[in-house]
J.: 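Supplied in structure tokens, the structure appears directly below.
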Amino acid sequence: MRMISPEWKWAAALAPAGETEYIVVHHAAAEGPAEAVHAAHLARGWSGIGYHFYVRLDGTVYSGRPLGTIGAHTAGYNSRSVGVCFEGNFEVRAMPTEQLAAGRELVAYLRGLYPKAKIVRHRDLDATACPGKNFPFEAMTGGALYRVQAGAFTDRARAERYAERLRAAGFADAYVVG
Ligand SMILES: [Zn+2]
């Protein structure tokens with residue numbers, strides 16, 4: 001995982017967070033660097049970038065608010081959650097492979113840090129479309145990245161053979177569903 005940790009200048013001291021109960025994924029609904037998110041959040045009168053991590057389309061991960069401090073990303077949950085934002089608008093576009101791979105790594109890393117935390121989408125906690133209908137939540141947080149839909153094949157044996165070929169090609173997580 002390529003991680004960049006900018007020296008953010010906070011407009012106000014960041015408050016310590018409580019226990020992490022949720023890891024919340026968001027989309028930016030826009031494209032641009034982490035610095036632009038920081039500037040936009042400062043302009044809203046916040047202390048600075050509201051997320052703990054920002055994952056760019058090319059898979060580069062930026063740290064935002066330090067873990068253990070309160071973020072600004074999910075109303076009512078900020079003191080007990082870690083916020084991860086993905087560059088892009090996944091209401092309209094698909095997620096690049098590099099960004100999905102970085103997201104999987106980051107989620108796995110956070111799961112290790114907070115084994116009891118639940119991984120959710122912003123829309124699971126609030127009335128919002130975030131992180132967009134094309135956000136690959138299952139692929140990012142599930143145990144398997146390649147799910148072969150049995151219904152897409154004439155019979156299940158064919159689906160199983162296809163999954164086998166994927167595994168032989170190096171996709172160790174491929175399995176059949178449905
Ligand atoms: Zn959101």
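Indexing begins at 1, ligand by ligand and atom by atom, following the structure's order.
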J.: How about H41 and W10: are their ring centres within less than 6.0 Å of each other?
T.: no

J.: For the Zn ion (ligand 1), does an N/O/S atom of C85 lie at less than 2.8 Å?
T.: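 It does not: C85 brings no N, O or S atom closer than 2.8 Å to the Zn ion (ligand 1).
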
J.: Is any side-chain heavy atom of V82 closer than 4.5 Å to a side-chain heavy atom of L110?
T.: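 Heavy-atom side-chain distance check passes, below 4.5 Å.
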
J.: Restricting to N, O or S atoms, which atom of H26 is closest to the Zn ion (ligand 1)?
T.: ND1

J.: Less than 4.0 angstrom from a charged side-chain N to a carboxylate O is my criterion; do E31 and R56 meet it?
T.: no

J.: Closest N/O/S atom of H122 to the Zn ion (ligand 1), by atom name?
T.: ND1

J.: Have H73 and H26 got a donor and an acceptor in their side chains that come within less than 3.5 Å?
T.: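 Checked: H73/H26 side chains pair up, N/O donor to acceptor below 3.5 Å.
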
J.: Look at H73 and state whether any of its N, O or S atoms is less than 2.8 Å from the Zn ion (ligand 1).
T.: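 Of the N, O and S atoms in H73, none lies under 2.8 Å from the Zn ion (ligand 1), which means no.
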
